[in-house]
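Here is the structure we will look at, set down as C-alpha cells.
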Amino acid sequence: MKFQAPKGTRDFFPREMAWRNHLIDAWRRVSIRNGFEQVDGPIFESLDLYKVKSGEGIVNELFHFEDRGERELAIRPEFTPTLARMVAERAGALPKPIKWFCTPNLCRAERPQRGRLREFWQWNVDILGLETPVADAECIFTAVDLLSELGLRPEHVRVKISHRRTVRHILAKMGVPEEGMTGAFDLLDRRDKLTTEEFTTGATKLGLDADRVARFDQICRLKYGVGKLDQMRDQIGVDEEMADLAALDAELRAFGIAPWCEYDLGIVRGLAYYTGTVFEVHETSGALRALAGGGRYDQLIEIFGGPSTPAVGFGMGDVVLSNVLMDKGLMPEDVSPRPDVYVFAATEGGAAGLSATVADLRRAGLHTRFSYKASRSVGKLIKEASASRARFAVILDDHSAHGRVSLKNLDSGEQHVVSVEELLKLVAAK
RNA sequence: GUGAGUGUAGCUCAGUUGGUUAGAGCAUCGGGUUGUGAUCCCGAGGGUCGGGGGUUCGAGUCCCCUCACUCACCCCA
C-alpha cells in the first residue's frame with residue numbers, strides 16, 4: 001500500500017513550510033500596519049451557511065459530511081460566510097468600522113490545475129460599516145501594500161477596477177433590459193474566452209443591434225488609467241452613476257497607488273452579491289488567473305440575518321501569488337530561519353564541553369545548532385556549519401576548558417578567539 | 001464531470017529493431033586527505049521501470065485496461 005497526499009493537497013516539507021510561513025507573516029504584517037485585526041472561525045461550518053449565499057449548486061463544489069448527530073457540515077470553501085455570521089451575531093456590540101483580516105486554509109472539491117488546488121491558504125481583508133469609497137480605496141491600498149512588500153511592482157501586476165452600478169447604467173443606456181443584466185454581465189466576464197461569433201450571438205440575444213454589439217465589445221476592452229475618468233465619460237457617453245467611481249478615483253490618487261491601478265469594465269467577478277466596486281489583481285502578461293479579487297457587498301450581512309451593513313473586502317490566494325513570484329524571479333531562495341551559531345569540536349578536549357556550551361548559548365536565546373558527527377575534520381565541519389546557513393561557527397578545542405572558543409563569522413570568514421561572554425555580545429551585535 | 005499530454009531512484013534524465021543482474025549526474029548517508037567553507041578520492045542506501053492484464057522463448061521497450069500527475073474546459077465563492 002502506497003499513500004500520497006490527496007489530490008490537490010500539498011505536503012509542506014521544511015522548505016515549503018518556511019515559504020508558507022513567510023507568506024502568511026507578510027499577510028499579517030501588512031494587515032496590521034493597515035489597521036486590521038486578525039480573526040478566525042471554525043474550519044467547518046453548517047452546510048446551510050454556504051447554501052444561503054451561493055445556492056444548492058455549491059454543494060458539489062465543496063467537501064461535506066454528516067456528523068453522528070446527522071448534522072450536515074462542510075469544510076469551509078471560503079471565509080466570507082463565517083465572517084458574515086460572526087458580524088451578524090454581534091453587530092450591535094462591535095465598534096465600527098470593523099476592519100478584520102484572516103488567513104484561513106480553504107478547501108474546494110475542484111479539479112486541480114495551474115493556480116488552483118483543493119486546499120489553499122487565502123488572505124481575507126474586509127472593512128464593514130463604511131459606505132465611503134475611502135474604504136474601497138483602503139482595501140486596494142492594502143492589497144498593493146502586500147504586493148509591494150513581496151517585491152512586485154506595477155510592471156508585474158495591476159489592480160483592475162470596475163463598478164457594478166456604473167456598468168449596469170452603461171448597459172441599460174445601450175438598451176439592455178433589466179432582465180438581461182445577468183446575461184450581459186456574464187458576457188462581459190467571458191469576453192476574452194469567446195469568439196467574435198459567440199459574443200455577437202450572445203449580445204444579439206440581449207436585444208442589441210449590430211451597432212450596439214460593436215460598442216459593447218469595445219467597452220469590454222477599454223482600459224483607463226486612474227485620473228482618466230473624463231476620457232471614460234467622453235468615449236462611452238456615460239453621465240450618471242459616476243460619482244462613486246469618481247470618489248474612488250480621487251482616493252486612489254490620494255493613497256498614491258494610481259500607477260498600480262486601472263479601470264477595466266470587463267471585470268465583473270462571478271459573484272452575484274457584489275453591489276458596487278469590484279476589482280481583481282492580475283499579472284500583467286495575463287498568463288495566469290487572478291491573484292486576488294474583491295469588491296463591495298453591501299447586502300450580504302443582511303442575508304445572514306444581520307443589520308444592513310455596508311462592506312468591502314477582498315481575498316488573495318497563496319497559489320497564484322506564489323506562481324507569479326516564481327515567474328517573475330521574485331521567489332526568495334530560502335526563507336528558513338538562519339541559525340545564529342553552529343557549534344562543533346575540533347579536538348577530543350573540545351568535545352567534552354560541547355553540550356554545555358550549546359546549552360549556554362540556547363539559554364542566552366541564540367538559535368544554536370551543533371554537529372552530531374564524530375569527525376574532527378575542521379574543513380568538513382565548517383562546511384557542515386556553512387550548509388546550515390548559520391551566521392557564526394563556534395569551534396571548541398583544547399583551550400575551551402578555559403572558557404575560550406574560536407568564533408568564525410561564516411559570511412566574512414573572520415575568526416577570533418573569544419570568551420563565551422564576548423561571543424554572546426558579538427553574535428547579538430550581528 | 002469532459003478532453004489532451006506525461007509516468008524509469010528524492011530531483012533531472014539515459015536505456016539500441018524486444019535480449020543477461022536497469023544506469024548516470026545531482027541530492028542523501030558513511031569514510032579518507034588537506035587544522036578552516038573549495039577541489040579531490042573511496043564506499044553505501046535508494047527502483048516490484050505507476051498498477052493490472054495480454055502478446056512473446058523473453059517486455060522498461062509492443063497492445064489493452066486502470067490509476068496518478070500536469071494542462072485546458074465546466075466552475076471559480
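In what follows, every chain begins at residue 1, and chains take the letters A, B, ... in the order their sequences are listed.
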Look at the side-chain N and O atoms of A:Lys373 and state whether any lies under 4.0 Å from the OP1 or OP2 oxygen of B:G30. yes
Hey, does the side chain of A:Arg118 come within less than 4.0 Å of B:C69's phosphate (OP1/OP2), counting only N and O?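 For B:C69, OP1/OP2 do not have a side-chain N/O of A:Arg118 under 4.0 Å.
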Looking for any heavy atom pair under 4.0 Å, which part of the strands does [X] touch: base, sugar-phosphate only, or nothing?
{"X": "A:Gly413", "result": "base"}
{"X": "A:Thr347", "result": "base"}
{"X": "A:Leu106", "result": "nothing"}
{"X": "A:Ser386", "result": "base"}

Using purine N1 to pyrimidine N3 plus N6-O4 or O6-N4 for Watson-Crick, or N1-O2 and O6-N3 for G-U wobble, both under 3.5 Å, which nucleotide pairs with [N]?
{"N": "B:A24", "value": "B:U12"}
{"N": "B:A68", "value": "B:U6"}
{"N": "B:A59", "value": "none"}

Looking at the side chain of [X], which of [options] is the nearest nucleotide?
{"X": "A:Ser377", "options": "B:U34, B:C75, B:G35", "answer": "B:U34"}
{"X": "A:Glu110", "options": "B:C75, B:U36, B:G35", "answer": "B:C75"}
{"X": "A:Lys380", "options": "B:G32, B:G37, B:C74", "answer": "B:G32"}

Could you tell me how far apart A:Arg376 (CZ) and B:G30 (C1') are, to the nearest whole angstrom? 16 Å
When the distance from CD of A:Glu16 to P of B:G10 is rounded to whole Å, what number comes out? 16 Å
Where do A:Tyr297 and A:Gly313 come nearest, in terms of heavy atoms and distance? CE2-N, 3.7 Å
On the ring face of A:Tyr273, is A:Arg296 found with NZ or CZ under 6.0 Å from the centre and within 45° of the axis?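 Checked: cation-pi criterion not met.
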Side-chain donor-acceptor pair under 3.5 Å between A:Asn409 and A:Glu414, yes or no? no
Can you find an N or O donor on one side and an acceptor on the other, under 3.5 Å apart, linking the side chain of A:Gln415 with the base of B:U36?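 Between B:U36 and A:Gln415, which were checked side chain against base, a qualifying N/O pair under 3.5 Å is present.
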